[in-house]
**Q** 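Handing you a structure now.
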Amino acid sequence: MSIRHGLLALLERGPRYGSRLRTEFESRTGSTWPLNVGQVYTTLSRLERDGMVVQDGADDAGHDLYAITDAGRTELHTWFGTPVDRTHPPRDELAIKLAMAVGAPGVDIREVIQSQRRHTLKAMQDYTRLKAQALADVPADRDEVAWLLVVEQLIFQAEAEARWLDHCESRLVRLAEAAATEPSAGPGPAATRGPARAPAERSHSQR
């Protein structure tokens, strides 16, 4: 998740101070990507340096407010209009773990897969329960709709991971079966020819 662009999106709704931005960010995403206030202010400082936000006075409680600039709006709308780049996917710890577990001594990769599957299915059940709770009442505002979209993405992601784990296990089974049915290596051609020549050589010496 781009914290930079997320904050710009919230600021487009009007000036905000740091802790309010943090609260609104977490409300919009259902605390799926929690932030701390330090991250918010560090990001705001960089956005201000880049000319995308400016300090805009203070509210009645004395909180310093930040407002988006025209350059910030241009950056935000460019982000909305640009597809997320999938040519350089982020490193996935599970994929790396399974890749390293293949052939690793003392590691039962099928147990690794089964353990992860149990965890993934439980997470999917938890997300589905959250979705059901969200749908118990018709979403009343944009934050509730946004959270619903996020939790549904998590459900689809967990479903895809479970299917991939099933595929990995099936592939390992097929490879194991193929290895078990391979014929054992017999004597090479040279070894076969050696004994065949021996009687001929003995007959020649006898003549």
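Note that the structure is a prediction, hence the values are computed from the model and not measured.
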**Q** Could I get the full list of salt bridge (charged side-chain N to carboxylate O under 4.0 Å, His left out) partners for E75, not counting sequence neighbours?
**A**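 E75 satisfies salt bridge (charged side-chain N to carboxylate O under 4.0 Å, His left out) with no other residue.
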**Q** Does one hydrophobic cluster hold both L172 and V107, with members joined at side-chain heavy-atom distances below 4.5 Å?
**A**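 Same hydrophobic cluster.
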**Q** What pairs with Y17 under ring pair (Phe, Tyr, Trp, His ring centres under 6.0 Å), at least two apart in sequence or on another chain?
**A**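 Y17 satisfies ring pair (Phe, Tyr, Trp, His ring centres under 6.0 Å) with H63 only.
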**Q** Can I get a per-line list of side-chain donor-acceptor pairs under 3.5 Å for residues 89-104, giving both atom names and the distance, sequence neighbours left out?
**A**
| from | atom 1 | to | atom 2 | distance (Å) |
| --- | --- | --- | --- | --- |
| D92 | OD1 | L94 | N | 3.0 |
| D92 | OD1 | A95 | N | 2.9 |

**Q** If you group Ile, Leu, Val, Met, Phe, Trp and Tyr by side-chain heavy-atom gaps below 4.5 Å, do L35 and W79 land in one group?
**A**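 Linked, L35 and W79 end up in one cluster.
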**Q** If you compare all heavy atoms of I113 against all heavy atoms of C168, which two are closest, and at what distance to 0.1 Å?
**A**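 In terms of heavy atoms, the two residues are closest at CD1-CB, 4.0 Å.
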**Q** Sequence neighbours left out, what pairs pass side-chain hydrogen bond (donor to acceptor under 3.5 Å, both in side chains) with at least one residue falling in residues 98-115?
**A**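 The answer is E111-R118, Q114-E169.
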**Q** Go through the steps for D166 and R163 under the test salt bridge (charged side-chain N to carboxylate O under 4.0 Å, His left out), then give the verdict.
**A** CA-CA 5 Å; D166 290 343; R163 290 197 303 271; over 6 Å; no
**Q** Could you check L21, T29, T23 and say which one makes a side-chain contact (heavy atoms from CB on, under 4.5 Å) with F25?
**A**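 Checked L21, T29, T23 against F25; only one passes side-chain contact (heavy atoms from CB on, under 4.5 Å): T29.
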**Q** Can you name the side chain to side chain contact (heavy atoms under 4.5 Å, CB included) partners of T78, sequence neighbours left out?
**A**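 Counting only residues at least two positions away or on another chain, T78 forms a side chain to side chain contact (heavy atoms under 4.5 Å, CB included) with T74, T82.
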**Q** Assess whether atom CZ of R171 is packed by more than 12 heavy atoms of other residues, nucleotides or ligands within 6.0 Å.
**A**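 Counting other residues, nucleotides and ligands, CZ of R171 stays at 12 neighbours or fewer.
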**Q** Are L11 and L65 connected into the same hydrophobic cluster when the rule is that any two of I, L, V, M, F, W, Y join if their side-chain heavy atoms are below 4.5 Å apart?
**A**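 No, separate clusters.
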**Q** List the residues meeting side chain to side chain contact (heavy atoms under 4.5 Å, CB included) with D85, not counting sequence neighbours, and say none if there are none.
**A**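 Here the qualifying residues are T87, H88.
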**Q** Let me check something: any side-chain donor-acceptor pairs from residues 43-58 under 3.5 Å, sequence neighbours excluded? List them with distances.
**A**
| from | atom 1 | to | atom 2 | distance (Å) |
| --- | --- | --- | --- | --- |
| T43 | OG1 | Q39 | O | 2.8 |
| D50 | OD2 | R4 | NH1 | 3.3 |
| D50 | OD2 | R4 | NH2 | 3.2 |

**Q** Do L135 and V150 land in one hydrophobic cluster if side-chain heavy atoms of ILVMFWY residues count as linked below 4.5 Å?
**A**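 Same cluster.
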**Q** Suppose we screen for side chain to side chain contact (heavy atoms under 4.5 Å, CB included). Which residues come up paired with R86, at least two apart in sequence or across chains?
**A**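 Partners of R86 under the side chain to side chain contact (heavy atoms under 4.5 Å, CB included) test: V84.
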**Q** Under the ring pair (Phe, Tyr, Trp, His ring centres under 6.0 Å) definition, can you give me all pairs with a residue in residues 98-128, not counting sequence neighbours?
**A**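 Residue pairs with at least one partner in residues 98-128: there are none.
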**Q** So, using side chain to side chain contact (heavy atoms under 4.5 Å, CB included) as the criterion, who are the partners of Q157 when residues are at least two apart?
**A**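 If we apply the side chain to side chain contact (heavy atoms under 4.5 Å, CB included) test to Q157, skipping adjacent residues, the hits are Q153, L154.
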**Q** Go through the structure and list residues passing side chain to side chain donor-acceptor pair (under 3.5 Å) with Q116, not counting sequence neighbours.
**A**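 Here the qualifying residues are T120, E161.
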**Q** To the closest 0.5 Å, what do you measure between OG1 (T69) and CG (L76)?
**A**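 Result: 11.0 Å between the selected atoms.
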**Q** State, yes or no, whether a side-chain contact exists between L7 and Y66 at a heavy-atom distance under 4.5 Å.
**A**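 No, too far: nothing below the 4.5 Å cut-off.
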**Q** Please say yes or no: joined through hydrophobic side-chain contacts below 4.5 Å, possibly via intermediate residues, are W164 and L121 part of one cluster?
**A**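 Different clusters: W164 never reaches L121 through Ile, Leu, Val, Met, Phe, Trp or Tyr contacts under 4.5 Å.
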**Q** Any chance you could measure R16, atom CZ, to D64, atom CG, to the nearest 0.5 Å?
**A**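 R16 CZ to D64 CG: 15.5 Å, rounded to 0.5 Å.
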**Q** State whether the number of non-hydrogen atoms from other residues, nucleotides or ligands found under 6.0 Å of R142 atom CZ is greater than 12.
**A**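 No, CZ of R142 has 12 or fewer neighbouring heavy atoms, counting only those of other groups under 6.0 Å.
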**Q** Identify whether the distance between the nearest side-chain nitrogen and carboxylate oxygen of R73 and D70 falls below 4.0 Å.
**A**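 The answer is yes: the pair qualifies as a salt bridge.
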**Q** Taking 4.0 angstrom as the limit, do R20 and E24 come out as a salt bridge?
**A**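 Looking at R20 and E24, the cut-off is met.
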**Q** With clusters built from Ile, Leu, Val, Met, Phe, Trp and Tyr whose side-chain heavy atoms come within less than 4.5 Å, directly or transitively, what are the remaining members of the cluster of L175, listed by chain and number?
**A**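 Same cluster as L175: nobody, lone residue.
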